[in-house]
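Following: one structure in structure tokens, then a few remarks.
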2 protein chains.
Amino acid sequence: MSKSEVEELPVPRGGDVVPCCPPITAGELSQADAERMAAMFKALSDPVRLRLFSKIASHPGGEACVCDIADVGVSQPTVSHHLKKLREAGLLTSERRGTWVYYQVAPSVVAGMAALLDVRD
Amino acid sequence: MSKSEVEELPVPRGGDVVPCCPPITAGELSQADAERMAAMFKALSDPVRLRLFSKIASHPGGEACVCDIADVGVSQPTVSHHLKKLREAGLLTSERRGTWVYYQVAPSVVAGMAALLDVRD
DNA sequence: ACCTTGATTCGACGTCTGTCGATACAGCCG
DNA sequence: CGGCTGTATCGACAGACGTCGAATCAAGGT
């Protein structure tokens, strides 16, 4: 087994919109859908991760170097740990360019979360 | 101190839209905003809570009796515990009518979460 | 080669969280 | 009143989580 670790969610790249789940008002979530979505919400359920995510999302192009966003009040290993969590949840992708590592938001995945929360009544 | 417990977020009722936070692409979240939003995402970060929430949201009128949604595979005290968490996060309100307790979704709060995740690029 | 800088992994620690059974509370109905 | 049903609280416990310092890996520069 070459990947016994936490399974990394596949991250769709490009402009394709991935309808992860119907709006939550459309019907009950299945057990499987609930677990997948819960994992994504859990990734954003920490203030540090939320700030890291917002720093990346608000950077031009939706991407940022770790060194640009590391100032969130915790140690640098902790920042790395949180970025890994966000990446494993499929909300971010990472790419090494020379000395630095750049993280990008996965827009379609985040849009899927927003679509789930469409509760207009 | 009459409420030394977990502080319950105020739940706006009625049709008024509450712009909790600007889209996450608009700029970095402040520490305080990050903590408030993280608390909401944390409330939806559990599969059981997500299924309870979806059952209520998909009920007509966005409200449901506990007895109608309690079948999610965990014990009744655990269901009650999760509903309390969702209520404390401001995502649900509760109301006792006779023997039964009805939970309703707080649409504007959920809409605020969705607005935060507006990451169109 | 070596050292420096950026980033990840490792190991440990205290805290928070989800779960349960037992118990208590709130209304209805005989 | 006394029992019954629906819901909430309590106390306990195992497992997950966030954090850190130390160590390791990756690229560049001198």
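Just so it is clear, the model here is predicted, and its values are computed rather than measured. The basis for the numbers below is simple: all heavy atoms, side chains too, and nothing from hydrogens, waters or symmetry mates. So that the names make sense, note that chain A is the first sequence line, chain B the second, and so on, each numbered from 1.
When each of D:dT19, D:dA26, C:dG21 is scored by its nearest atom to the side-chain atoms of B:Pro77, the top-ranked nucleotide is C:dG21. Side-chain proximity of A:Val101 to C:dT8, C:dT19, D:dT19: nearest is C:dT8. The listed nucleotides are D:dA8, C:dC20, C:dG27; the one nearest the side chain of B:Tyr103 is D:dA8. Comparing D:dG6, C:dG18, C:dT9 by their closest approach to the side chain of B:Trp100 singles out D:dG6. Which of D:dG18, C:dT19, D:dC20 sits closest to the side chain of B:Val48 comes down to C:dT19. The side chain of A:Asp46 lies closest to D:dG18 when the candidates are D:dG18, C:dT19, D:dG28. With D:dG28, C:dG18, D:dT7 as the candidates, the nucleotide lying closest to the side chain of B:Gln76 is D:dT7. Taking every side-chain heavy atom of A:Val74 into account, D:dC20 is the closest of D:dC20, C:dT19, C:dC28.
With hydrogens and angles disregarded, a donor-acceptor distance shorter than 3.5 Å links the side chain of A:Arg96 to the backbone of A:Gly98. For B:Ser54 (side chain) and A:Leu29 (main-chain N/O), a donor-acceptor pair under 3.5 Å exists by modelled atom type. A donor-acceptor pair is defined here as one N or O able to donate and one able to accept, closer than 3.5 Å; such a pair exists between the side chain of B:Arg49 and the backbone of B:Lys42.
As rounded to whole Å, 12 Å separates atom C1' of C:dA7 from atom NZ of A:Lys84. When the P atom of C:dT17 is taken as reference, atom NZ of A:Lys42 falls 11 Å away, rounded to whole Å. To the nearest angstrom, C1' of D:dT9 lies 13 Å from CZ of B:Arg96. Taking atom CG of residue A:Leu44 and atom P of nucleotide D:dG18, one finds them 12 Å apart after rounding to whole Å. Rounded to a whole Å, the NE2 atom of A:His82 is 14 Å from the C1' atom of C:dT8.
A:Tyr102 comes within 4.0 angstrom of no nucleic acid atom, judged by non-hydrogen atoms across all strands. A:Arg49 comes within 4.0 angstrom of the backbone, heavy atoms only, and of no base. Using a 4.0 Å heavy-atom distance criterion, B:His81 is classed as a base contact. If you check every strand for non-hydrogen atoms under 4.0 Å, A:Ser80 touches a base.
Closest approach of A:Leu117 to B:Val110, counting heavy atoms only: O-CG1, 3.5 Å. Considering every non-hydrogen atom in both B:Leu91 and B:Phe53, the closest pair reads O-CE1, 3.9 Å.
Phosphate contact (OP1/OP2 of C:dT17, side-chain N/O of B:Lys85, threshold under 4.0 Å): absent.
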Determine, stepwise, if the pair A:Glu63 / A:Arg97 fulfils salt bridge (charged side-chain N to carboxylate O under 4.0 Å, His left out).
CA-CA 12 Å; A:Glu63 93 165 16; A:Arg97 291 208 285 274; 2.4 Å; yes

Could you walk me through whether B:Glu28 and A:Ser58 pass the side chain to side chain donor-acceptor pair (under 3.5 Å) check?
CA-CA 7 Å; B:Glu28 303 178 10; A:Ser58 62; 5.4 Å; no

Pairs under 3.5 Å (Watson-Crick or G-U), crossing ones as [ ], inter-strand ones as |: DNA chain C comes out as ||||||||||||||||||||||||||||||

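Taking a 4.0 Å limit (strictly below) on heavy-atom distances, residues 65-72 of chain A reaches DNA chain C at A:Cys65, A:Val66, A:Cys67.
Atom CG of A:Asp71 has 12 or fewer heavy atoms from other residues, nucleotides or ligands within 6.0 Å.
Rounded to the nearest 0.5 Å, atoms NZ (B:Lys84) and OH (B:Tyr103) are 9.5 Å apart.
Connection of A:Leu52 to A:Trp100 is not established within any shared hydrophobic cluster, with ILVMFWY side chains joined at heavy-atom distances below 4.5 Å, either directly or through further cluster members.
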